[in-house]
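Accompanying notes for the structure given below.
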Amino acid sequence: MGLKVHIDGQLLDEKDAKISVFDHGLLYGDGVFEGIRFYEGRVFRCEEHIKRLFASAKAIALELPCSPAEVTEAMMETIRANELRDGYVRLVVTRGAGELGLNPYLCKRASIIIIASTIKLYPQEKYEQGLNLVTCSTRRPAPAALSPAVKSLNYLNNVMAKIEAINANAEEGVMLNEQGFVAECTGDNLFIVREGTVVTPPVSAGALNGITRRVIFEIAPTLGVPIVEEELTRYDLYTADECFLTGTAAEVVPVANYDRRVIGDGKPGKVTLRFIESFRHLVKNTGTPIYS
Ligand code: PXG
């Protein structure tokens, strides 16, 4: 039996879950999305994800046909219909079906698609050994082109960068901004540890304002570890003591190599491991209940 997928208020069998070929999400990448995880029957950072979804939609002048509470309930229902306790939700809002032509106002109603499933970005051993990263030549778009704060359906620049990383036998690719500073990876935020301080590029350097990134900022003071935002170059990464990535799908994952430079001693760093432990504790002990 396949998954039950939510489309516009209906729960459909996976094989029947289809949208129009005239949907502007498909035709123009016109839409927004969220990737959300749930652990042990609770949705992690539920409100923050829904809030970011509505903010992304507002930024592209996309009106959702329902309230944040209704979308949340639809997500909970979808997870329950699939009887899942641990997994991943892909919540997509498209501009909806409309005539051909860019004009979004030709689409009458946004469509909401909710898939509750599982996701595994990297093999388990990478969480113990660390990832290999390379620099991608594909840059993050300038904020004036498309704000990196919008989690839009336009992921082609990230896909192009991911192709470069995979072709170079690396698990992830580091994306620079137009000025050549490090922005983030193709699907995760990036952090280094330098002389005991955690450093990450500001969101203004072209990074998504990641929810897992925010969790790192919350955990840091509880561990007594200083954390700052600073523009980073590739040099800063090559010479870092430690490096790790964060994302809803990736969680917190150590980096062992970058452009064939060994990071630190090539093993997950001590500070990184403390963050991973704290993060695991948080996801298991907080969140919005799915089953009452
Ligand atoms: N940067 C980018 C470009 C992302 O797409 C993150 C950072 C991390 O943000 P969060 O809020 O998740 O901590 C993301 C999120 C997938 C997938 O299917 C990708 C993400 C999230 C969930 C699933 O590859 N990227």
Side-chain angles (χ1 to χ4, degrees), residues 29 31-39 43-56 59 75 86-93 113-123 126 131 133 136 138-143 145-166 171-177 181-191 198 200-220 229 232 243-253 255 275-276 278-280 282-283 286-287:
V32 295
F33 79 102
E34 278 298 317
I36 308 167
R37 263 197 198 262
F38 49 99
Y39 299 86
V43 176
F44 187 60
R45 302 287 152 137
C46 184
E47 252 181 65
E48 282 181 65
H49 280 287
I50 300 298
K51 207 170 161 196
R52 187 172 67 182
L53 179 77
F54 275 77
S56 293
M75 172 174 74
D86 291 86
Y88 167 81
V89 169
R90 169 58 58 104
L91 215 172
V92 184
V93 185
I113 300 162
I114 307 172
I115 305 165
S117 183
T118 54
I119 192 166
K120 188 126 201 81
L121 278 203
Y122 309 115
K126 291 291 162 190
L131 298 176
L133 306 186
C136 300
T138 307
R139 300 283 169 110
R140 288 292 285 158
L146 176 63
S147 168
V150 178
K151 206 161 158 58
S152 82
L153 297 183
N154 280 268
Y155 257 52
L156 208 43
N157 83 304
N158 305 57
V159 171
M160 300 293 277
K162 190 79 182 183
I163 289 170
E164 291 183 54
I166 293 165
E171 287 80 38
E172 248 301 18
V174 173
M175 299 185 75
L176 310 177
N177 63 22
F181 290 102
V182 171
E184 59 176 341
C185 288
T186 72
D188 353 70
N189 291 111
L190 184 145
F191 294 78
V198 175
T200 192
V203 170
S204 58
L208 180 79
N209 191 350
I211 287 168
T212 322
R213 180 184 186 276
R214 295 180 208 160
V215 173
I216 296 299
F217 275 86
E218 280 175 37
I219 291 174
E229 289 183 335
L232 294 176
C243 179
F244 62 89
L245 309 182
T246 68
T248 297
E251 301 177 295
V252 184
V253 56
V255 174
F275 275 91
I276 292 175
S278 266
F279 178 78
R280 294 212 173 122
L282 208 54
V283 297
T286 59

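Only this structure's heavy atoms are used, side chains among them; waters, hydrogens and symmetry mates stay out. Every number for a ligand or one of its atoms is a count from 1 in the order of the listing.
- Distances from ligand 1 to the non-hydrogen atoms of Glu34 include no value under 4.0 Å.
- Contact of the Leu190 side chain with the Cys243 side chain is registered, since non-hydrogen atoms from C-beta on lie closer than 4.5 Å.
- Each of the atoms 3 (C) of ligand 1 lies under 4.0 Å from some heavy atom of Thr186.
- Residue contacts with ligand 1: Leu121 is placed with no nitrogen or oxygen under 3.5 Å of a nitrogen or oxygen of the ligand (distance criterion only).
- Looking at Arg214, Glu48, Arg90, Arg37 and measuring to atom 16 (C) of ligand 1, the nearest heavy atom belongs to Arg90.
- Salt bridge status for Glu218 with Arg45: present, with a side-chain N to carboxylate O gap under 4.0 Å.
- Listed here is the closest heavy atom pair of Phe38 and Tyr88: CE2-N, 3.3 Å.
- Across all their heavy atoms, Asn154 and Gly29 have their closest contact at ND2-O, 2.9 Å.
- At under 3.5 Å, a nitrogen or oxygen of Thr212, whether backbone or side chain, sits near a nitrogen or oxygen of ligand 1.
- In this pair, Phe191 and Phe244 present their aromatic rings parallel. The plane angle is below 30°, not in the 30 to 60° band.
- Residue-ligand proximity, Asn189 to ligand 1, at heavy-atom distances under 4.0 Å covers atoms 7 (C), 8 (C).
- Between Asn158 and ligand 1, a contact under 3.5 Å exists for no N or O pair.
- Polar contact check, Glu184 against ligand 1: a nitrogen or oxygen pair lies under 3.5 Å apart.
- Taking only nitrogen or oxygen atoms, main chain and side chain alike, Thr248 reaches within less than 3.5 Å of ligand 1.
- Within ligand 1, counting atoms from 1 as listed, the ones closer than 4.0 Å to a heavy atom of Gly210 are 9 (O), 10 (P), 11 (O), 13 (O).
- Remark: aromatic rings of Tyr155 and Phe33 are close, center separation under 6.0 Å.
- The nearest heavy-atom contact from the protein to atom 23 (C) of ligand 1 is Tyr88 OH, 2.9 Å.
- An N or O contact shorter than 3.5 Å links Gly187 to ligand 1 by distance.
- Here the side chains of Met175 and Thr186 are in contact, with some heavy-atom distance below 4.5 Å.
- Every atom of ligand 1 with a heavy atom of Ala249 under 4.0 Å away is listed here by number and element: 17 (C), 22 (C), 23 (C).
- Using 4.0 Å as the threshold, Ile119 has a heavy atom nearer than that to some atom of ligand 1.
- At the shortest separation from atom 5 (O) of ligand 1 among protein heavy atoms lies Tyr155 OH, 2.4 Å.
- Between Arg213 and Glu229 there is a salt bridge, since a side-chain N of the basic residue sits under 4.0 Å from a carboxylate O of the acidic one.
- For Asn189 against Glu184, the heavy-atom pair with the smallest separation is ND2-OE1, 3.5 Å.
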